A.B. asks: 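I'd like to ask you about the structure that follows.
Values reported hereafter were calculated over all heavy atoms of this structure, with side chains retained and with hydrogens, waters and symmetry mates removed. Read the numbers this way: they start at 1 and go in the same order the structure lists the ligands and their atoms. In this text the structure is predicted, and so the values were computed from the model without any measurement.
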Amino acid sequence: MYKSVDATVMRQFNKRTVLHILYQRQETSRVSISSETGLNRATVSSLVDELIAEQFVQEIGLGTSHGGRKPILLRFNANAGYAIGIDLQITHIDTVLTNTRREVVYQNRRQIGTADQPLTPQTLRDVLAEEVHAAEAVCPQSPRGILGVGVALPGLVNYETGRVTYLPNLGITDWSIAPELSEMLQVPVAIDNDANCGAWEAFLSTGISNLLFINAGIGVGAGIILNGKLHRGRDGIAGEAGHTTISTMGVVCSCGNYGCWEQYSSEQALARYLQEQGAGPVDAFAPRFVDRCIEAAQAGNHAYIQSWRTLAEALGVGISNLLQILNPDYVYLGGTIAEAATIILPEIQRVIRHRAMSANKTVPVAVLPPQTVARGAAGLAIARAIDMLPTHAG
Ligand SMILES: [Zn+2]
């Protein structure tokens, strides 16, 4: 038997569609939204009026006429609300507070536990809560307040359920982090893999619809954007490139396997190369480890220069492998290792020219700023919030 769609549900669906378009465009008009969605003008006008009353949308003046009256231009209110993005790494946490356009209004880097003080879900939850409270305390007044918190995590996480499957370098498995944090903080919390957040930010900020984001720090991961969408794979764990094998008899990895790419292209690898170069005992978990390694190389220390070169070569090998599979438009490098761009990029590009085939040799590789992953996490929280907006059906 035919059953009509409930009018309230339909209106909510249409309102979300209109809001999505407004969020994606720099500016638009009621007429443009109507022609883009196929919704009649009266419906669009009524929904837009509702969104203006809720302060999500602003009228910003008159546009150009294509015959008839000039349309009133509309824009998503960048300061309608704010989101907190957190990039949880093994040695530090980057926190940002952004408006709905992911413009950063506050940022903080906090050093956390060392190798001999393993972090537990309980201690991590408390640290994350402190970071959220610190960001909330400096949040400007806005109509919608904090829209949500996005947390980027280094490992296998389920974006849909908000559960951690496995964080290899933290030794944490099966942790229902998003529901726990959400209840504790009384704000919606979304989680995703750190490299996915970086890839999402790279896509949002460049508009490049086929790209690869490599996040290299204590571990290494990849985020993949294909045709403008984050590629998550069947179980949401696509992009674990750090745990692909590049040496069958290689170094044992935190995942239990041997010869994983991240054992040759991460901070841990850099520390091992330095020891092999006779630089003495080196601790990758020590504060400012990467900064000090960059400074030593820039000062001409041979062991450090050689170690960075070896690491860059391994990064180049892994990136070449991924280029052969994905042939993206662009490769972006993020994470602490990327802060050594001036030292490692020429070597990475040399290896790619040597190893990748045909046009893959010319795929550009660029570096994104340190807060990229945290901004992507905030972007994730904003996207979630817009999708779950309360609607007031009239
Ligand atoms: Zn591994």
A.B. asks: Are Asp94 and Arg375 within salt-bridge range, i.e. N to O under 4.0 Å?
C.D. replies: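 Not counted as a salt bridge, because no side-chain N and carboxylate O are separated by less than 4.0 Å.
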
A.B. asks: Would you please name every residue forming a side chain to side chain donor-acceptor pair (under 3.5 Å) with Thr336, sequence neighbours left out?
C.D. replies: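 Once residues adjacent in sequence are excluded, the partners of Thr336 under the side chain to side chain donor-acceptor pair (under 3.5 Å) criterion are Glu267.
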
A.B. asks: State plainly whether the residues Arg232 and Glu160 are in salt-bridge range, i.e. N to O under 4.0 Å.
C.D. replies: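 Salt bridge absent between Arg232 and Glu160.
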
A.B. asks: Using a strict cut-off of 2.8 Å, how many protein N/O/S atoms surround the Zn ion (ligand 1)?
C.D. replies: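 Near the Zn ion (ligand 1), the number of protein N, O or S atoms below 2.8 Å is 4.
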
A.B. asks: Ser182 side chain to Val187 main-chain N or O, any donor-acceptor pair under 3.5 Å?
C.D. replies: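 Yes.
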
A.B. asks: Has Thr310 got a side-chain atom pairing as donor or acceptor with Gln306's backbone, closer than 3.5 angstrom?
C.D. replies: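 A pair under 3.5 Å: yes.
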
A.B. asks: Taking the six-membered ring of Tyr264 (Phe, Tyr or Trp), confirm whether the NZ or CZ of Arg272 is under 6.0 Å from its centre and within 45° of its axis.
C.D. replies: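 Yes, Arg272 and Tyr264 form such a contact.
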
